[in-house]
Protein chains: 2
Amino acid sequence: MMTPAEAAEPKVEPEAEPKDAPSGTFLRDATSTEAICARILERHRDRVSVRKPHLATANLARIIEAVLKLSSRQSFHEISLRDLARVSGLSMGGLYSYFDNKTTLLVMILTEVSETVEAVLRDAPAGLEADPAAHLRWLIETHIRLTEAMQPWFVFAFMEAKGFPAAARAFATESELATERIFADVLARGVAQGVFTIPDIDLTAALIKPLLQDWYVKRAKYRKRGTPIHAYIAGVIAFVERAIAGR
Amino acid sequence: MMTPAEAAEPKVEPEAEPKDAPSGTFLRDATSTEAICARILERHRDRVSVRKPHLATANLARIIEAVLKLSSRQSFHEISLRDLARVSGLSMGGLYSYFDNKTTLLVMILTEVSETVEAVLRDAPAGLEADPAAHLRWLIETHIRLTEAMQPWFVFAFMEAKGFPAAARAFATESELATERIFADVLARGVAQGVFTIPDIDLTAALIKPLLQDWYVKRAKYRKRGTPIHAYIAGVIAFVERAIAGR
DNA sequence: TGAAAAATCGAGCGAGCGCTCGAATTTTTT
DNA sequence: AAAAAATTCGAGCGCTCGCTCGATTTTTCA
């Protein structure tokens, strides 16, 4: 009936990538743990006491990689700082050069995920707004590929949101709505142009969202079934396009 | 980007129920906390030391109600037995008359949710198998209404599955697949009768699932938007039916 | 009504938690 | 090569955790 869980078991098998994958290079460059941690560092420069950026980025990456690894089997609250020190290779005290308390570490990860989604989805290739059907396809594929590239991050943010401090939770909610608005805009433009037929645009945008999220929330299930990412993307696009097809 | 969270804020406003709601009386009778706890008790008679069934059911209900209430803002692991004693009105020691350790309590809740879904969805009105379109509509509506009636239970099972012991996790995964199979069967029968056109039945069944789950996972969002349950059900049915409509 | 049985209680136990801080080590500067 | 600065270290602090168990209260029934 439910259960996402244990999403990140074996290692990702590098799939033969179609050449025309959207934002291909961007996704690969911008979603490495190192690259993300460099951005986190920039956003939280004041909280991190280590001055050398290269060193700080590398260690923060090791810490966060340890969090994401351990969080596949335990909630964030269950992960002790001793576990974290052991898995990341730093000492207890060393950890506290990178955050002032455990909750800050949680917030660092959440905010980075939110910001990344927004930035990537708003960065559609020029001219795509003119073609709502193509734009929608691009949004669906890009969203799924982004969450694939940052899968442990998204699972973490999805599952741990409840435990965030109120401010961070409000921020996450707003971020969710922002994504939905991006989809609703495209749907509205398609209806205006007569290529889509949609009785309730907001509800439809809301229904597309969980179709995209299922790929990372239930990653283990699709892996077990042997569904490759391009098949999932094609399946979602086909399902959605038929559901909103114009007359 | 994500965030279910804080699903269960205000109290449920009793909605004007359409008379023909499926399993209407069953859902109301079988999904009260008392009724569910009576079933849990039966399944775990050996773990509970209190002999009088009426007493045991009432206290177990208070304990589980406390868990579900507290779990809307914290993970199960964060809920201390002292919190649980305070909110449920029992003493520390009293709690241990109803389970032998904290994990057992977790497992009790999960297994009951799994069993309930299976039992309810397999209990379609007689003759419905002959009409796949009607059967599919019944499955969608019944699933959503069941998860609405037991919303905190479903959110709990969904969010805490990761922390279950391996055996319980495997059981939950199997339960998820069983539900999907029920949907896949109906889709296959519809395709055979020529009323549905579906390129990949298993993938389609897999995509319908998150549409049903979104109602309880993101309950707060739909509440904030003022989307009533019948509108959500109608929206999902319309969306799915267009996506799989026959030629 | 009184004694046996059932149910409830909560202070106390060892263990593990988040976090600190002075000492030790490494890197940079002169 | 020595001094200064930056970084890393981990034992130890106070605290809360899950859980126990003998004392106490409530219920049952001859």
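Please read all numbers here as calculations on a predicted model, not as lab measurements. Proteins get letters first, then strands, A, B, ... in listed order; numbering begins at 1 in each. We use all heavy atoms of the structure for the numbers below, so side chains are in, but hydrogens, waters and symmetry mates are not.
- Ring orientation note: the planes of Y232(A) and Y222(A) are nearly perpendicular, at an angle over 60° on the 30°/60° scale.
- Of all nucleotides listed (dA7(C), dT8(D), dT27(C)), dT8(D) comes nearest to the side chain of L55(A).
- With respect to the salt-bridge test (charged N to carboxylate O, under 4.0 angstrom), the residues K162(A) and E160(B) qualify.
- Heavy-atom distances to DNA chain C give each of G93(B) and S49(B) a nearest nucleotide, and the one nearer the 5′ end belongs to S49(B).
- Taking 4.0 angstrom as the limit, N59(A) places a side-chain polar atom (N or O) nearer than this to OP1 or OP2 of dT8(D).
- Among the nucleotides dG10(D), dT7(D), dT8(C), the one closest to any side-chain atom of K52(A) is dT7(D).
- Protein atom CZ of R86(B) is 15 Å distant from nucleotide atom P of dC9(C), rounded to whole Å.
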Check against side-chain hydrogen bond (donor to acceptor under 3.5 Å, both in side chains), E112(A) and W153(A): CA-CA 9 Å; E112(A) 200 53 40; W153(A) 297 76; over 6 Å; no
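- When the P atom of dT28(C) is taken as reference, atom NE2 of H54(A) falls 12 Å away, rounded to whole Å.
- Taking the six-membered ring for Trp and thresholds of 30 and 60 degrees, F158(B) and F158(A) have ring planes inclined between 30 and 60 degrees apart.
- Atom pair L84(A):CG and dG10(D):P shows a separation of 15 Å (rounding to whole Å applied).
- Following rounding to the nearest Å, L60(A) (CG) and dT8(D) (P) show an atom-to-atom distance of 12 Å.
- Taking atom CG of L95(A) as the reference point, atom C1' of dA11(D) lies 15 Å away to the nearest angstrom.
- Counting non-hydrogen atoms under 4.0 angstrom, Y98(A) reaches the backbone sugars and phosphates but no base.
- By the 6.0 Å and 45° rule, K102(B) does not stack over the aromatic ring of Y96(B).
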Where protein sits on nucleotides 12-18 of chain D, one letter per nucleotide: B base, S sugar-phosphate only, - none, heavy atoms under 4.0 Å: B----BB
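- With hydrogens and angles disregarded, no donor-acceptor distance shorter than 3.5 Å links the side chain of K209(B) to the backbone of T179(B).
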